[in-house]
2 protein chains.
Amino acid sequence: MDQLSATFAALADPTRRAILARLTDGPATVKELSEPFDMSGPAISKHLRVLEKAGLITRGREAQWRPCQLDATPLKEVAVWAENYRRFWDASYARLDELLTEMKEKDS
Amino acid sequence: MDQLSATFAALADPTRRAILARLTDGPATVKELSEPFDMSGPAISKHLRVLEKAGLITRGREAQWRPCQLDATPLKEVAVWAENYRRFWDASYARLDELLTEMKEKDS
DNA sequence: CTCGTACCTAACCACTTGGTTATCTAACCG
DNA sequence: CGGTTAGATAACCAAGTGGTTAGGTACGAG
């Protein structure tokens, strides 16, 4: 699977996005990350593995803890991709597009 | 499923992103959209249904054709979400973060 | 009316996903 | 040593996904 697809797939889950949001406050252990969720440990472990495979987090070792840290690099690609569609969601750009189409039709 | 999750899920497939890219050139029929792919008609129909449910395309009726049109509105939410992480992928901001953390530690 | 085209639905398949419980390892703490 | 805590792994399950083929509907053309 390509990087962008893996990133989008990882982000398509509210739990995983919440985990990323939590990690913007700094590294955290698996236990800390699982606190806010009514979910078993293994479920969180699976989410973390998805995030890790997508390159969105990195994990260290510190005694019996496996601290997680945010790595937002793949999100840059997401932002760039989305920005390419900006002119299609911005209403004024849409109207400009219509105008340009009209003008082009009159020209030809 | 919430809007953002639905949007990310819809974007987590290269075929669907390619369809969106094609639609930036203007509306197209299902047949036209399926041309570039070595895939059966129903497979494309399913992808289009996912995109439609995510609000990324709208569909009309014109005789026996069902023209598809891009609706990039949900992508605005994606862009905004990703932008919130900009400071975490930008190296200079990351270094600034480190500095601020150091300063905070020395203060306390 | 008949034929071909565009498209959809239904049924099916293999695989993935998001969750569970039970069990295991690894590390600290007494 | 034994007990507790952090975490991973394994096996399982229900539901979803991405594809297929077969068959159905709606429309325009001859």
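All values derive from a computational prediction rather than experimental measurement.
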Once you round it to whole Å, what is the distance between [atom2] of [N] and [atom1] of [X]?
{"X": "Leu48(B)", "N": "dG18(D)", "atom1": "CG", "atom2": "C1'", "result": "14 Å"}
{"X": "Glu35(B)", "N": "dC7(C)", "atom1": "CD", "atom2": "C1'", "result": "14 Å"}
{"X": "Leu11(A)", "N": "dT17(C)", "atom1": "CG", "atom2": "C1'", "result": "16 Å"}
{"X": "Ile44(A)", "N": "dT17(C)", "atom1": "CD1", "atom2": "C1'", "result": "15 Å"}
{"X": "Arg66(A)", "N": "dT5(D)", "atom1": "CZ", "atom2": "P", "result": "17 Å"}
{"X": "Arg17(B)", "N": "dG18(D)", "atom1": "CZ", "atom2": "C1'", "result": "15 Å"}
{"X": "Glu32(A)", "N": "dA6(D)", "atom1": "CD", "atom2": "C1'", "result": "11 Å"}
{"X": "Glu62(A)", "N": "dA6(D)", "atom1": "CD", "atom2": "C1'", "result": "13 Å"}

Contact class for [X] vs. all strands (heavy atom < 4.0 Å): base, sugar-phosphate, or nothing?
{"X": "Thr29(B)", "value": "sugar-phosphate"}
{"X": "Arg61(B)", "value": "nothing"}
{"X": "Arg16(B)", "value": "sugar-phosphate"}

So, Arg59(A) and Asp71(A), do they make that salt bridge, N to O below 4.0 Å?
no

Charged N-O contact under 4.0 Å between Asp13(A) and Lys46(A)
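So Asp13(A) does not pair with Lys46(A) through a salt bridge.
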
Set of side chain to side chain contact (heavy atoms under 4.5 Å, CB included) partners for Ala79(B), sequence neighbours left out:
Ala82(A), Glu83(A), Trp89(A)

Given dC8(C), is OP1 or OP2 found less than 4.0 Å from the side-chain N or O atoms of Ser45(B)?
yes

Considering just the side-chain nitrogens and oxygens of His47(A), establish if one lies under 4.0 Å of OP1 or OP2 belonging to dT17(C).
no

Point-to-point distance, once rounded to the nearest 0.5 Å, from [atom1] of [X] to [atom2] of [Y]:
{"X": "His47(B)", "Y": "Ser34(B)", "atom1": "NE2", "atom2": "OG", "value": "11.5 Å"}
{"X": "Leu23(B)", "Y": "Tyr85(A)", "atom1": "CG", "atom2": "OH", "value": "8.5 Å"}
{"X": "Cys68(B)", "Y": "Ile44(B)", "atom1": "SG", "atom2": "CD1", "value": "10.0 Å"}
{"X": "Leu11(A)", "Y": "Leu11(B)", "atom1": "CG", "atom2": "CG", "value": "10.0 Å"}

Asp13(A) vs Val30(B), nearer the 5' end of DNA chain C by closest nucleotide:
Val30(B)

Compare the minimum distances between each of dC8(C), dG7(D), dA6(C) and the side chain of Arg59(B), then state the nucleotide with the smallest one.
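My answer, after comparing the listed nucleotides, is dC8(C).
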
Pick out the pairs of N or O atoms, protein on one side and nucleotides 20-24 of chain C on the other, that lie under 3.5 Å.
{"unit_1": "dT20(C)", "atom_1": "OP2", "unit_2": "Ser40(A)", "atom_2": "N", "d": "3.0"}
{"unit_1": "dT20(C)", "atom_1": "OP2", "unit_2": "Ser40(A)", "atom_2": "OG", "d": "2.5"}

Can you name the nearest heavy-atom pair linking Glu32(B) to Ala28(B), along with the distance?
OE1-CA, 3.2 Å

If the plane angle is over 60° it's perpendicular, under 30° parallel, otherwise tilted; pick one for Trp81(B) and Phe8(B).
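The arrangement is perpendicular - the two ring planes meet at more than 60°.
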
Distances under 3.5 Å between nitrogen or oxygen atoms of protein and nucleotides 27-30 of chain D:
none

Ser5(B) and Arg17(A): side chain donor to acceptor below 3.5 Å
yes

